[in-house]
Amino acid sequence: MASSSFQPLQGMSDISAPDVAIWQMIEERAREIFARYRFQEIRTPILEKTKLFTHSLGDTTDVVTKEMYSLEDRGGRKLSLRPEGTAGAVRCIASGAEETVNARVYYMGPMFRCERPQAGRKRQFHQIGVEAAGAPNPRADAEVIALQLHLLSAWGLDGAKIRLNTIGLPEDRAAVLEGLREAIRPRLSELPEDAQQRFETNVLRLLDSKDEAVKKLIADAPPVIEFMSADSRAYLETVVETLKSLKIDVEIDPTLVRGLDYYVHTVWEVVHGGLGAQNALSGGGRYRIQIGNKTIDGVGFAMGVERMIAALEANGITAEQFAPKPAIFIVSLGEEALKENMLLAQILRQRGIACEMELTNRKVKAQMKRANKTGAQQVIIRGDTELEKGIFVLKNMEEGTQREVELPELMELL
RNA sequence: GUGGGUAUAGCUCAGUUGGUUAGAGCGUCAGGUUGUGAUCCUGAAUGUCGCGGGUUCGAAUCCCGUUACUCACCCCA
């Protein structure tokens with residue numbers, strides 16, 4: 001039992017073998033897919049000025065107002081651990097030269113939100129995300145969605161669904177809010193108190209409420225897209241058509257909204273059953289963010305790696321399947337053989353062969369038992385008698401067969 | 001931030017209305033005469049019963065606090 005005073009903080013955990021194998025699989029395959037779509041990695045600082053987040057995510061969003069880990073440094077500067085990846089990535093893009101306005105980047109790493117932990121929600125969690133900067137273009141949105149689905153299939157995930165919606169342009173916002181309020185106002189008094197409050201502060205959030213009374217009311221209200229300009233509606237249509245031509249199925253969900261202020265036009269979510277209440281694997285959308293005197297347009301998404309792993313596990317894909325196994329396990333018998341076998345192991349490793357060995361003089365039986373547990377395909381047994389004869393016993397663990405070989409043959413076989 | 005559940009061996013969990021030396025399975029280690037694993041048999045080690053306080057002749061068991069885990073609300077990936 002770990003000493004309680006040295007446990008990780010609430011909602012944060014160590015990730016080690018064997019679990020880490022699935023993380024490595026996810027990251028490895030993601031890099032491969034990103035390369036095919038010609039996205040490049042960026043690594044931005046985990047600690048940023050608080051202002052970067054309040055400014056780009058919106059200073060009334062919960063993420064910014066109550067969930068950030070914020071601190072002052074020794075110079076009294078207000079800093080925060082990043083709660084998401086887009087702000088930093090966009091800051092980096094904005095600081096670059098002119099050609100970076102069309103940057104295509106991806107990132108993977110830890111994010112921090114001080115919320116109550118729950119299924120699929122940690123305080124330090126990990127995201128893999130992409131940002132494709134560039135002027136609004138529905139085809140760019142569709143390409144990014146295609147990339148996202150490609151990732152899911154590379155990881156072997158089945159049963160994920162995409163829900164898509166538009167939240168229109170900032171110019172549409174006033175009409176949308178007013179239209180929605182007007183539809184709800186006559187029956188406002190029927191709603192619970194917190195919903196009534198949200199009616200004033202953030203009426204869009206009523207769209208995805210879990211409250212039954214609110215849900216019913218929203219179902220009766222006209223879809224918000226009806227309050228948007230013809231351009232905004234055409235934009236969504238082109239996204240959907242492009243996706244269709246790529247043979248990608250999406251479900252239009254008029255109640256889908258996003259919590260962060262920077263979104264415009266297309267927004268989407270990838271959901272998966274078997275995740276509990278936090279069923280969104282990934283969220284994405286088009287955004288417009290002001291950084292200094294530059295406006296960065298772009299489209300991107302972020303996936304929660306912990307949630308992804310939970311979804312994979314629901315599909316029967318687990319870390320053990322990716323646990324690395326040595327090609328060779330070396331069993332020694334006798335002082336002299338042990339010493340020589342360490343040299344042999346070193347040579348094999350330098351030739352690119354994963355190789356494990358027992359470093360004590362335990363009985364052969366115990367060493368074989370350990371060899372079996374590592375999952376090694378083959379075992380080299382070399383004791384002092386083999387050493388004298390200049391041979392190696394090579395055993396195939398699966399078949400249970402073994403034979404004696406000399407050094408040149410051994411090297412050729414491996 | 002609000003609310004429910006949980007915390008006993010490395011892991012999964014038993015532990016009767018508070019009663020004497022706290023248990024099982026798995027794993028680990030060792031043996032089953034020569035130097036061979038995944039099966040089988042035998043044996044052994046390992047616990048401040050999450051932590052702190054209280055009630056009691058006596059607490060793993062009851063009460064309070066605390067930390068963490070877990071689930072939901074909220075929020076979001």
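The sequence lines fix the lettering, A, B, ..., with proteins before strands; numbering per chain opens at 1.
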Run the side-chain hydrogen bond (donor to acceptor under 3.5 Å, both in side chains) test against Y37(A) and tell me which residues pass, sequence neighbours left out. H150(A)
Atom CD1 of I128(A) and atom C1' of A77(B): how far apart are they, to the nearest Å? 11 Å
Yes or no on side-chain hydrogen bond (donor to acceptor under 3.5 Å, both in side chains) for S232(A) and D172(A), after CA distance, side-chain angles and deciding distance? CA-CA 8 Å; S232(A) 290; D172(A) 296 325; 2.4 Å; yes
Kindly determine whether H126(A) and E306(A) satisfy side-chain hydrogen bond (donor to acceptor under 3.5 Å, both in side chains), including the steps that lead there. CA-CA 7 Å; H126(A) 298 79; E306(A) 284 84 355; 2.8 Å; yes
Regarding the side chain of R205(A), the nearest nucleotide among C76(B), A77(B), C75(B) is C76(B)
For RNA chain B, what residues of residues 10-27 of chain A have any heavy atom nearer than 4.0 Å? Q10(A), G11(A)
Atom CG of N396(A) and atom P of A38(B) are separated, to the nearest Å, by 16 Å
Identify the heavy atoms of A132(A) and V144(A) that sit nearest to each other, and give their distance. CB-CG2, 4.0 Å
For the pair made of CE in M68(A) and P in C76(B), what is the distance, rounded to whole Å? 14 Å
Tell me which pairs pass ring pair (Phe, Tyr, Trp, His ring centres under 6.0 Å) where either residue lies in residues 176-226 of chain A, with sequence neighbours left out. none
Shortest non-hydrogen pair, A195(A) vs L191(A), comes out as CB-CB, 4.1 Å
Between Q402(A) and N396(A), do the side chains contain an N or O donor and an N or O acceptor separated by less than 3.5 Å? no
Check the distance between G1(B)'s P and D194(A)'s CG and give it to me in whole angstrom. 19 Å
Given A77(B), C75(B), G32(B), the nucleotide with the shortest approach to the side chain of K365(A): G32(B)
Given the rule in the side-chain hydrogen bond (donor to acceptor under 3.5 Å, both in side chains) test, do Y235(A) and D141(A) qualify, once you have shown the distances and angles that lead to the verdict? CA-CA 10 Å; Y235(A) 191 99; D141(A) 301 14; 3.0 Å; yes
Between G283(A) and V364(A), which residue's closest nucleotide on RNA chain B lies nearer the 5′ terminus? V364(A)
If I compare all heavy atoms of P117(A) with all of G11(A), which pair ends up nearest, and what's the gap? CG-CA, 3.9 Å
Any donor-acceptor N or O pair under 3.5 Å, side chains Q40(A), R104(A): no
Rounded interatomic separation in angstrom, taking CG from D62(A) and C1' from C75(B): 5 Å
Tell me whether the side-chain N/O atoms of K373(A) come closer than 4.0 Å to OP1 or OP2 in U28(B). yes
Write out a two-atom table: protein N or O, nucleotide N or O from nucleotides 41-44 of chain B, distance below 3.5 Å.
none

Between G15(B) and A9(B), how far apart are the two C1' atoms, rounded to whole Å? 14 Å
Could you tell me whether E412(A) atom CD has more than 12 heavy atoms of other residues or ligands within 6.0 Å of it? no
Find the distance K66(A):NZ to C73(B):P and express it as a whole number of Å. 15 Å
Got a sec, which pairs hit ring pair (Phe, Tyr, Trp, His ring centres under 6.0 Å) with one end in residues 391-414 of chain A, sequence neighbours left out? none
Donor-acceptor pair present, Q278(A) side chain and C75(B) base, under 3.5 Å: yes
Listed nucleotide nearest any side-chain atom of R198(A), set C75(B), A72(B), U36(B): C75(B)
Considering only the C1' atoms, how many Å lie between G47(B) and G10(B), rounded to the nearest integer? 12 Å
If you look only at distance, which donor and acceptor atoms sit under 3.5 Å apart when one is on a side chain in residues 106-116 of chain A and the other is two or more places apart or in another chain?
unit_1, atom_1, unit_2, atom_2, d
Y106(A), OH, R31(A), NH1, 3.3
R113(A), NE, P83(A), O, 2.8
R113(A), NH2, P83(A), O, 3.0
E115(A), OE1, R121(A), NH1, 3.3

E48(A): which of R91(A), R82(A), R77(A) passes salt bridge (Lys or Arg N to Asp or Glu O under 4.0 Å): R91(A)
Of all the choices, A77(B), C73(B), U36(B), which nucleotide is nearest to the side chain of K395(A) once you look at every atom? U36(B)
Write out all pairs satisfying salt bridge (charged side-chain N to carboxylate O under 4.0 Å, His left out) with one or both partners inside residues 352-362 of chain A, taking only residues at least two apart or from two chains. E356(A)-R370(A), E358(A)-R362(A), E358(A)-R370(A)
Listed once per pair and sorted, the ring pair (Phe, Tyr, Trp, His ring centres under 6.0 Å) pairs that draw on residues 309-349 of chain A, sequence neighbours left out: none
Looking across every strand, which nucleic acid part, if any, lies under 4.0 Å from Q402(A) by heavy atom: base, sugar-phosphate, or nothing? base
Quick one: stems for RNA chain B, with Watson-Crick or G-U pairs under 3.5 Å, at least three in a row? B:1-7 with B:67-73, B:10-13 with B:23-26, B:28-32 with B:40-44, B:50-54 with B:62-66
By nearest-heavy-atom nucleotide on RNA chain B, the more 5' of V63(A) and I381(A) is I381(A)
Pull out every residue in residues 115-125 of chain A that has a heavy atom closer than 4.0 Å to any atom of RNA chain B, ordered by number, or say none. E115(A), R116(A), P117(A), Q118(A), A119(A), G120(A), R121(A), K122(A), F125(A)
As a test of reading the structure: which of U36(B), A77(B), C76(B) is closest to the side chain of Y263(A), going by heavy atoms? A77(B)
R362(A) side chain: which of C73(B), C76(B), A30(B) is closest? A30(B)
U67(B) P sits how many Å from L9(A) CG, rounded? 12 Å
Please tabulate, one pair per line, all N/O donor-acceptor pairs under 3.5 Å involving side-chain atoms of residues 157-169 of chain A, not counting sequence neighbours.
unit_1, atom_1, unit_2, atom_2, d
R163(A), NE, D253(A), OD2, 3.2
R163(A), NH2, E269(A), OE1, 3.1
N165(A), ND2, D253(A), O, 3.4
N165(A), ND2, P254(A), O, 3.3
N165(A), ND2, L256(A), O, 2.9
T166(A), OG1, G168(A), N, 3.0
T166(A), OG1, H265(A), O, 3.3

Sugar-phosphate only, base, or nothing, as touched by E386(A) at under 4.0 Å among non-hydrogen atoms: base
Would you please confirm or rule out a distance under 4.0 Å between OP1 or OP2 of C74(B) and any side-chain N or O of K210(A)? yes
Whole-Å gap separating C1' (G37(B)) and CD (E358(A)): 14 Å
Shortest non-hydrogen contact between A345(A) and M357(A), atoms and distance: CB-SD, 3.8 Å
Report which part of the nucleic acid G284(A) touches: base, sugar-phosphate, or nothing (heavy-atom distance under 4.0 Å, all strands). nothing
Listed in order of residue number, which residues of residues 302-316 of chain A have a non-hydrogen atom at under 4.0 Å from RNA chain B? A302(A), G304(A), R307(A)
